[in-house]
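Order of the sequence lines sets the chain letters (A, B, ...), proteins ahead of strands, with each chain counted from 1.
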2 protein chains.
Amino acid sequence: MKATIYDIAKEAGVSIATVSKVLNGKGKISAETSKAIYAIMERLNYQPSVIATALTGKKTYTLGLLIPDISNPFFSEVARAIEDQGEHLGYSVIMCSTDNKDEKVERYISLLQQKQVDGIIIATGIDNKDIVEQLLAKGIPVVLLARDMPLIAVNTVVVDDYVGGCLAASHLIGLGHRKLAVIGEKDSVRSSRERIRGFRQTMEDHGIALQEGFLKTCDYKVADGKKKALELLQSEDSPSAIFACNDMLAVGALQAARAVGKKVPNDLSIVSFDNTLLSEVADPPLTTLAQPIEHMGKLVVNMIVEELHGSNKVKQRTVLRPELIIRGSTAAMIRS
Amino acid sequence: MKATIYDIAKEAGVSIATVSKVLNGKGKISAETSKAIYAIMERLNYQPSVIATALTGKKTYTLGLLIPDISNPFFSEVARAIEDQGEHLGYSVIMCSTDNKDEKVERYISLLQQKQVDGIIIATGIDNKDIVEQLLAKGIPVVLLARDMPLIAVNTVVVDDYVGGCLAASHLIGLGHRKLAVIGEKDSVRSSRERIRGFRQTMEDHGIALQEGFLKTCDYKVADGKKKALELLQSEDSPSAIFACNDMLAVGALQAARAVGKKVPNDLSIVSFDNTLLSEVADPPLTTLAQPIEHMGKLVVNMIVEELHGSNKVKQRTVLRPELIIRGSTAAMIRS
DNA sequence: TTGAAAGCGGTACCAA
DNA sequence: TTGGTACCGCTTTCAA
């Protein structure tokens with residue numbers, strides 16, 4: 001059987017209260033007692049039960065992480081960053097892949113509450129804002145990551161999607177491209193929407209209009225991107241550059257280009273977003289807007305832990321700047 | 001404040017014992033009482049505390065998952081499969097990326113025990129077998145996934161790495177290749193070792209010897225694979241085909257081929273292992289030995305849950321057969 | 001400096 | 001069919 005605080009107390013000839021105190025470094029305990037107790041804990045390989053501790057109203061040192069899909073490279077990289085910082089600060093993380101379904105979100109949130117997680121990191125799309133508000137109302141620390149609900153008073157870490165879109169457009173326009181197309185996620189995904197907005201705005205600032213039919217939206221997977229890119233590339237009047245709103249879509253576009261015999265970047269430039277493993281692995285490697293994934297993970301965990309500690313009462317919204325990483329998928333427009 | 005069993009009892013004018021019974025469907029409770037209590041639980045939005053329940057010796061409905069790195073596509077896909085089946089059966093999973101370091105493994109395991117997880121799935125390399133044995137000795141359900149420690153009585157799910165290696169070799173030899181090289185993980189990684197053993201054995205069965213210097217081992221990342229592949233391809237006497245022991249290494253090999261101007265599959269065939277997202281995304285898409293990831297996840301969760309229920313006392317070791325998926329990275333040897 | 005005892009939110013045994 | 005109550009392992013007053 002595992003040793004309990006009672007075993008330690010009995011062995012040391014003291015009360016459990018005393019043991020509890022040395023365990024938490026509280027109250028006044030004589031050096032000898034303390035030392036003796038430590039020795040016994042060591043010898044019995046005592047490990048306090050997080051469960052019992054949590055029941056007395058303390059923390060569980062567990063965080064919930066809601067993401068659309070842990071097998072999506074962007075989110076698995078985010079998860080890793082969060083796990084690392086969590087581990088650093090003593091927290092475990094429970095992963096919850098929601099497939100962006102509100103129904104799964106609700107199930108998971110309810111589960112996390114029953115397990116008394118100390119906080120919840122939400123990096124998944126949520127249609128129903130009530131869900132977040134209810135959490136907040138219950139006083140459960142929540143941080144939004146890569147999702148934005150500006151109207152709600154909740155700590156948030158996002159990358160500046162709008163600026164990312166602008167940078168993508170500038171880059172392509174600077175290379176001489178004028179016929180630009182966009183493949184994004186469906187309109188309900190705010191990050192994608194913002195990227196597109198930035199992209200379009202920058203185009204207009206340069207006096208270029210986003211052509212009718214050159215804006216495609218779909219789900220986030222490779223196959224979706226490929227399908228939409230094919231539509232773009234097979235029309236008689238096809239774009240010379242595509243901005244894909246994430247790496248998976250971009251890879252799909254790459255495949256589409258190959259399928260119709262267009263060479264990237266010579267016949268077609270592609271700019272992507274995320275800078276996951278995929279963008280390095282693709283051929284050619286993707287020019288992409290890098291999200292500072294590691295930093296995001298660190299920040300988001302710090303935020304939630306600070307909120308737990310009760311320090312840092314004011315809600316904040318941190319916006320990180322994406323950085324354009326130029327690789328092989330973009331090239332100057334060849335004048336014909 | 002969250003409603004507790006006491007609130008429900010008071011509201012219903014019964015004892016907490018009664019409420020507990022209807023909650024667990026135990027004992028004899030009159031239909032009316034039961035109905036009334038359900039109604040009140042509903043109204044008060046009552047959610048039993050997993051923490052409190054766990055403290056009374058019941059389960060936490062939480063599983064620990066030890067993997068080398070959640071951001072590695074193979075493991076993130078495995079994690080997703082495990083999470084899904086876990087959710088299906090009512091279990092959450094805590095992710096633990098170990099980087100294959102025993103020290104991190106031990107820290108995480110100790111943490112998981114303090115949190116009283118119901119079971120631990122180990123899919124990470126462990127040098128020290130004692131770690132697993134200690135767990136077993138404490139009666140904590142453990143299942144090994146994609147790792148093998150045949151001498152220890154522990155439930156295990158593995159893919160038949162040896163056969164995978166054989167299939168890879170057969171495929172290449174069938175295509176007419178004779179100068180075969182291998183890039184694997186370092187020798188301490190059993191799965192890689194077995195794949196290589198199978199590959200080599202099949203070569204020998206065909207009267208081909210694995211040439212000196214044509215076996216390279218390294219870490220598991222893309223850059224490692226690229227480096228080793230470059231060494232192979234830059235020697236004056238270079239192989240016509242490479243068997244890379246996982247998708248990341250294969251992608252590295254692909255990059256190396258490109259770097260030295262060899263076309264895959266015409267100048268060089270590459271067979272990979274895993275069939276993660278990467279193998280579809282690579283250009284050309286990789287011929288690879290598919291691990292039945294989803295099935296593995298399902299199986300491993302079922303096994304551990306069965307062990308929890310006390311059913312299925314006998315330890316079993318399930319070996320899954322990998323399947324050769326032929327894509328674009330392999331082609332018949334061109335006679336010169 | 002130490003200890004007794006009342007919780008925390010449930011479960012389960014034994015009575016009623 | 002219901003209820004009283006002793007736990008589960010730990011924290012935290014309040015006294016001693």
Side-chain angles (χ1 to χ4, degrees), chain A residues 1-38 40-41 44-62 110-118 138-139, chain B residues 1-38 40-41 44-62 90 110-111 113-118 138-139:
Chain A
M1 227 33 241
K2 282 197 52 160
T4 72
I5 200 172
Y6 290 94
D7 301 321
I8 307 296
K10 188 181 300 170
E11 194 76 7
V14 299
S15 76
I16 59 165
T18 304
V19 176
S20 174
K21 278 171 199 152
V22 334
L23 209 50
N24 300 289
K26 291 194 173 173
K28 304 261 147 249
I29 302 290
S30 76
E32 307 137 67
T33 325
S34 170
K35 194 168 301 174
I37 289 178
Y38 274 126
I40 294 174
M41 293 195 308
L44 268 51
N45 191 13
Y46 171 66
Q47 306 203 279
S49 157
V50 175
I51 297 288
T53 307
L55 191 56
T56 72
K58 313 217 359 178
K59 298 192 297 183
T60 52
Y61 288 94
T62 305
S110 148
L111 201 71
L112 292 174
Q113 284 179 259
Q114 288 188 44
K115 298 202 174 166
Q116 262 172 71
V117 296
D118 296 327
K138 285 182 190 157
Chain B
M1 229 32 243
K2 282 198 54 168
T4 72
I5 200 171
Y6 290 93
D7 301 321
I8 307 296
K10 188 183 300 171
E11 194 75 8
V14 299
S15 76
I16 60 164
T18 304
V19 177
S20 174
K21 278 171 200 151
V22 335
L23 209 49
N24 300 290
K26 293 194 174 174
K28 304 260 146 251
I29 301 291
S30 74
E32 306 139 65
T33 326
S34 169
K35 195 168 299 173
I37 289 178
Y38 273 127
I40 295 174
M41 295 196 304
L44 268 50
N45 192 12
Y46 171 66
Q47 306 203 276
S49 157
V50 175
I51 297 288
T53 308
L55 190 55
T56 72
K58 315 230 336 190
K59 299 191 297 183
T60 53
Y61 289 95
T62 305
S110 149
L111 201 70
Q113 284 180 259
Q114 287 188 45
K115 297 203 173 165
Q116 262 172 71
V117 295
D118 297 327
K138 285 183 188 155

Under the ring-ring contact (aromatic ring centres under 6.0 Å, His included) rule, collect the residues that match up with A:Tyr46, sequence neighbours excluded.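 Counting only residues at least two positions away or on another chain, A:Tyr46 forms no ring-ring contact (aromatic ring centres under 6.0 Å, His included).
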Can you identify which nucleotide, out of [options], has its nearest atom closest to the [X] side chain?
X	options	result
A:Ser20	D:dC10, D:dG3, D:dT11	D:dT11
B:Ala17	C:dA4, D:dT12, D:dT5	D:dT5
A:Ser49	C:dG10, D:dT13, D:dG9	D:dG9

When we call it a touch if two heavy atoms are under 4.0 Å apart, what does B:Lys26 touch: a base, just sugar-phosphate, or nothing?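 Sugar-phosphate only.
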Describe the nucleic acid contact of B:Val14 in one word from base, sugar-phosphate, nothing, applying a heavy-atom distance below 4.0 Å.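 Sugar-phosphate contact only.
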Would you indicate whether the side-chain heavy atoms of A:Ile8 and A:Leu44 approach each other to under 4.5 Å?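 Sidechains of A:Ile8 and A:Leu44: in contact.
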Flag side-chain contact, heavy atom, 4.5 Å: A:Thr62 against B:Lys115: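 In short, these two side chains touch, coming nearer than 4.5 Å.
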Spacing between [X] atom [atom1] and [N] atom [atom2], to the nearest angstrom:
X	N	atom1	atom2	result
A:Ile51	C:dG10	CD1	C1'	12 Å
A:Gln114	C:dG10	CD	C1'	13 Å
A:Lys21	D:dT12	NZ	C1'	8 Å
A:Leu23	D:dT11	CG	C1'	10 Å
B:Asn24	C:dG9	CG	C1'	13 Å
B:Ile5	C:dA12	CD1	C1'	12 Å
B:Lys58	C:dG9	NZ	C1'	13 Å

With B:Thr4, which residues qualify under side chain to side chain contact (heavy atoms under 4.5 Å, CB included), at least two apart?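 B:Thr4 satisfies side chain to side chain contact (heavy atoms under 4.5 Å, CB included) with B:Tyr6, B:Asp7 only.
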Interface with DNA chain D, restricted to residues 28-35 of chain B and to heavy atoms under 4.0 Å: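 By residue number: B:Lys28, B:Ile29, B:Ser30, B:Thr33.
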Degree of bending in the helix from C:dT1-D:dA16 to C:dA16-D:dT1 once both end axes are built from five pairs, to 10°: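 Here the helix ends are tilted 40° relative to one another.
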C:dG3 phosphate, OP1 or OP2: any side-chain N/O from A:Ser15 under 4.0 angstrom?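 For C:dG3, OP1/OP2 do have a side-chain N/O of A:Ser15 under 4.0 Å.
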State, to 0.1 Å, how close [X] and [Y] come at their nearest heavy-atom pair, and which atoms those are.
X	Y	answer
A:Val14	A:Val19	CG2-CG2, 3.9 Å
B:Ser15	B:Ala9	C-CB, 3.7 Å
B:Gln116	B:Ala54	OE1-O, 3.8 Å
A:Gln113	B:Lys2	O-NZ, 4.1 Å

Please check: side-chain N/O of A:Ser34 versus main-chain N/O of A:Ile29, any donor-acceptor pairing under 3.5 Å?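 No.
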Is B:Ser20 reaching over with its side chain to a backbone N or O of B:Ile16, donor-acceptor style, under 3.5 angstrom?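 Answer holds: no.
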Distance criterion of 3.5 Å, no angle test: do you see the side chain of B:Lys2 paired donor-to-acceptor with the base of C:dG9?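 No, the side chain and the base share no sub-3.5 Å donor-acceptor pair.
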Qualifying salt bridge (Lys or Arg N to Asp or Glu O under 4.0 Å) pairs with a residue from residues 11-33 of chain A, counting only residues at least two apart or across chains: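 For residues 11-33 of chain A, and leaving out neighbouring residues, the salt bridge (Lys or Arg N to Asp or Glu O under 4.0 Å) pairs sorted by first residue read A:Glu11-A:Arg43.
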Report each atom pair, protein N/O against N/O of nucleotides 6-8 of chain D, whose distance is under 3.5 angstrom.
from  : atom 1 : to      : atom 2 : distance (Å)
D:dC8 : O2     : B:Leu55 : O      : 3.4

Please check if atom NZ in B:Lys10 has more than 12 non-hydrogen atoms from other residues, nucleotides or ligands closer than 6.0 Å.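 For B:Lys10, atom NZ is not crowded (no more than 12 foreign heavy atoms under 6.0 Å).
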